[in-house]
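Every number for a ligand or one of its atoms is a count from 1 in the order of the listing. None of the values given here were measured: they were computed from a predicted structure.
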Amino acid sequence: MPKFTLKKITKINLMSILQLDVNPEQKSLVASNAVSITQAHFNKDAWFRAIYVDNKPIGFVMISDTLLKSKSNPNHRPSYYLWRFMIDAKNQGKGYGKEAMKLIINHLKSRPKAKEFLLSHSKSDGNAGEFYKKCGFKYTGKEIGDELVMRLEL
Ligand SMILES: CC(C)(COP(=O)(O)OP(=O)(O)OC[C@H]1O[C@@H](n2cnc3c(N)ncnc32)[C@H](O)[C@@H]1OP(=O)(O)O)[C@@H](O)C(=O)NCCC(=O)NCCS
């Protein structure tokens with residue numbers, strides 16, 4: 001059984017994470033890892049990790065974790081939102097995304113006052129809605145911009 005881990009991105013593994021990419025027809029569904037990692041450095045709520053199977057990087061995740069930027073406010077009600085999620089084209093369809101999502105959910109369960117995990121996805125062809133359903137997310141009936149919002153109870 002392969003071992004799945006979420007690893008910090010450092011100057012050592014950065015290039016290998018920047019090389020991960022989705023299929024050409026999926027490019028409108030998620031930002032490149034270069035854009036996401038850059039944004040992460042300018043957003044204090046960004047929690048981001050590379051997804052590894054054994055010693056091989058195969059994907060990327062970024063979450064908005066509002067507690068990271070509001071630690072000093074005891075009244076802050078944190079929210080946890082999936083911002084980016086991708087599995088490299090060569091490694092899609094092997095069940096890796098689902099395993100990685102389990103790790104992400106476990107991470108969130110360890111965060112203070114974590115009650116729900118939210119995300120939104122595009123309505124375009126090939127969108128990840130069915131994938132998220134298989135990971136336990138349910139539609140809320142809400143939309144953000146032109147994206148459908150889903151929720152998982154933690
Ligand atoms: C969506 C994504 C992360 C799924 O990763 P993956 O490793 O290929 O998914 P898995 O192999 O773990 O699939 C788990 C299940 O979801 C299903 N699934 C995966 N992607 C799907 C899709 N786009 N549409 C319908 N079903 C999908 C699989 O068939 C599988 O079903 P099963 O458990 O019944 O066999 C990956 O396709 C990806 O990176 N897509 C491009 C980026 C993207 O859309 N990110 C989300 C932005 S909101």
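Under 4.0 Å from any atom of ligand 1, one finds heavy atoms of residues Val22, Gln26, Leu29, Val30, Phe85, Met86, Ile87, Gln92, Gly93, Lys94, Gly95, Tyr96, Gly97, Lys98, Ser120, His121, Gly126, Asn127, Ala128, Glu130, Phe131, Tyr132, Lys134.
Residue pairs meeting the salt bridge (charged side-chain N to carboxylate O under 4.0 Å, His left out) criterion with at least one partner in residues 34-60, sequence neighbours excluded, are absent.
Hydrophobic clustering, defined by side-chain heavy atoms of Ile, Leu, Val, Met, Phe, Trp and Tyr closer than 4.5 Å, groups Met86 together with Ile9, Leu14, Met15, Ile17, Leu18, Leu20, Val22, Val30, Ile37, Phe48, Tyr52, Phe60, Met62, Trp83.
With salt bridges taken as basic N to acidic carboxylate O contacts below 4.0 Å, one links Glu143 and Lys123.
A donor-acceptor pair shorter than 3.5 Å cannot be found between the side chains of Tyr80 and Thr66. Donor-acceptor pairing under 3.5 Å is recorded for the side chains of Ser36 and Arg84.
By the side chain to side chain contact (heavy atoms under 4.5 Å, CB included) test, Lys133 is found to be paired with Glu130, Tyr139, Met150, residues two or more places apart in sequence or in another chain being considered.
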